[in-house]
Every structure is written in C-alpha cells, then in structure tokens.
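To start, the structure itself, in structure tokens.
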Amino acid sequence: MTAQPATARITTKKQTLEDAYSPPANFLEIDILDPQTHGVDKKRYTDYEVRMRTNLPVFKVKESSVRRRYSDFEWLRNELERDSKIVVPAMPGKAWKRQLPFRSDDGIFEDEFIEDRRKGLEQFVNKVAGHPLAQNERCLHMFLQEQVIDKNYVPGKIRNT
C-alpha cells in the first residue's frame with residue numbers, strides 16, 4: 001500500500017551555510033532603551049527610546065527611533081483592545097505605591113524600578129508587534145514610527161498600495 005499524495009511525508013532540504021547565515025526572510029526588532037527622567041517634583045516623568053528595525057513590507061519606514069512615556073504605551077494598549085481582534089498582553093503595572101508621597105526612596109524614579117519597567121515595556125511591545133493582525137493597525141505604526149502620536153487619528157488598518 002502506497003501513501004496518498006496528501007499524506008506523503010514532506011522531504012526536507014538540508015540547510016546550507018548560506019541559508020543559516022543569510023539575513024532572515026522577515027524580521028521585526030524592537031528595542032526599548034535609554035530611559036531618561038525629565039522635569040522636577042510633580043512634573044517628573046521618564047521616557048524611553050523605542051527603536052525599530054524591520055524588513056516587513058507592511059511598514060513603510062524600515063528603521064525608526066522615537067521617545068515614548070509609559071502613558072504612550074498605555075494608549076497603544078487601549079487602542080489595540082478597542083479596535084483590533086487580538087488579545088492584548090498585559091503591561092507592567094502602574095506602581096501606585098511607589099508614587100505615594102513621603103517615601104524614603106525615589107519611588108518610580110529609582111534606577112532599578114526604571115530598568116524593570118523598561119524590560120517589561122520591551123516585552124509588551126514585542127509581543128504586540130509580533131502579532132500579524134496587530135502589524136496592520138494604524139495605532140501601532142504611529143506608536144513605532146511617528147515622532148508625535150496623533151491621539152485624534154482615525155483608527156483602522158494600514159493598506160499597502
């Protein structure tokens with residue numbers, strides 16, 4: 001009895017050195033780096049550099065670097081929850097206790113806290129951006145590539161024309 005074509009084993013091709021070391025067919029790399037704290041007293045905030053490199057056709061710009069605050073990440077998460085059909089992963093928490101007055105430390109401006117938050121935000125944005133449906137959302141493109149986020153934008157899909 002011979003196997004039917006639909007159930008026959010797929011023959012694998014041995015990987016060559018050229019295949020192994022050539023650039024990946026599609027890649028999307030997002031790094032969150034260089035946290036900087038600005039302002040004084042109640043006007044203090046920390047922002048992060050969001051650096052993206054890709055060769056995915058859905059992104060017009062192949063390399064970008066923008067600065068984002070925690071509230072910008074929250075905005076992205078809320079927009080995706082509202083407009084897309086994907087389950088949006090959790091973000092690192094707001095850290096309310098660290099924002100209470102009369103602390104003996106620097107609260108949300110402690111280096112260790114900022115680094116933990118940076119790692120959490122990097123993990124969050126990479127999970128989101130790695131989702132094929134999220135890659136078509138205008139809010140993600142704006143978040144990753146526009147210097148200023150237009151909060152009055154018209155939500156929708158990115159169209160490749």
Side-chain angles (χ1 to χ4, degrees), residues 10 12-39 44-96 98-99 106-161:
I10 297 171
T12 55
K13 182 180 105 178
K14 251 196 164 358
Q15 186 179 40
T16 65
L17 279 175
E18 192 174 311
D19 293 337
Y21 293 102
S22 63
N26 287 323
F27 70 90
L28 175 62
E29 298 168 357
I30 301 170
D31 296 309
I32 308 297
L33 354 114
D34 188 26
Q36 295 178 4
T37 300
H38 309 273
R44 274 169 88 182
Y45 68 91
T46 302
D47 67 9
Y48 306 82
E49 180 183 356
V50 178
R51 192 180 297 164
M52 183 200 78
R53 288 184 51 235
T54 187
N55 65 356
L56 293 173
V58 73
F59 290 96
K60 287 189 303 243
V61 179
K62 300 306 175 198
E63 286 191 32
S64 63
S65 174
V66 294
R67 295 209 65 86
R68 296 290 181 246
R69 298 171 64 158
Y70 182 85
S71 58
D72 296 325
F73 287 86
E74 285 183 312
W75 172 84
L76 174 63
R77 186 174 198 288
N78 292 336
E79 290 299 302
L80 288 169
E81 278 187 331
R82 189 183 68 184
D83 294 323
S84 72
K85 305 288 184 261
I86 68 170
V87 175
V88 183
M91 280 180 47
K94 255 313 228 186
W96 294 111
R98 283 189 165 270
Q99 296 177 37
D106 236 358
I108 62 170
F109 301 106
E110 285 280 321
D111 290 344
E112 187 179 325
F113 175 78
I114 289 173
E115 177 58 15
D116 287 346
R117 178 173 270 183
R118 184 201 67 75
K119 287 177 187 169
L121 292 172
E122 185 173 82
Q123 195 173 26
F124 164 76
V125 80
N126 274 288
K127 279 182 185 173
V128 165
H131 195 293
L133 293 176
Q135 290 172 1
N136 291 309
E137 293 294 334
R138 186 168 282 129
C139 60
L140 178 65
H141 287 248
M142 216 176 0
F143 177 85
L144 291 173
Q145 300 181 324
E146 303 290 327
Q147 292 302 318
V148 177
I149 294 175
D150 174 11
K151 306 261 170 122
N152 299 317
Y153 84 113
V154 177
K157 307 283 183 238
I158 298 292
R159 303 264 188 262
N160 275 351
T161 52

| request: Determine the interplanar angle of the F143 and F73 rings, folded into 0 to 90°, and report it as parallel if under 30°, tilted if 30 to 60°, perpendicular if over 60°. | output: perpendicular

| Does the distance from a Lys or Arg side-chain N to an Asp or Glu carboxylate O, for E122 and K119, drop under 4.0 Å? | no

Please identify each residue that fulfils ring pair (Phe, Tyr, Trp, His ring centres under 6.0 Å) with [X], with sequence neighbours left out.
| X | answer |
| --- | --- |
| Y70 | none |
| Y48 | none |
| H131 | none |

| said: Restricting to salt bridge (charged side-chain N to carboxylate O under 4.0 Å, His left out), what partner residues turn up for E29, sequence neighbours left out? | reply: R53

| said: If the condition is salt bridge (charged side-chain N to carboxylate O under 4.0 Å, His left out), which residues does D31 pass it with, not counting sequence neighbours? | reply: none

| request: State, with a plain yes or no, whether a side-chain heavy atom of I149 is found less than 4.5 Å away from one of R68. | output: yes

| said: Is it the case that the side chain of N78 and the backbone of W75 share a donor-acceptor pair, with hydrogens and angles ignored and the cut-off at 3.5 Å? | reply: no

| message | Give me the atom names and distance for the closest heavy-atom approach of P57 to K62. | response | CA-NZ, 3.9 Å

| said: Would R44 and F109 count as a cation-pi pair here, with the cationic atom under 6.0 angstrom from the ring centre and within 45° of the axis? | reply: yes

| said: Surrounding CG of D111 (heavy atoms of other residues, nucleotides or ligands, distance under 6.0 Å), is the total greater than 12? | reply: no

| task | Report the residues that fulfil side chain to side chain donor-acceptor pair (under 3.5 Å) with D47, sequence neighbours left out, ordered by chain and then residue number. | result | H38, R67

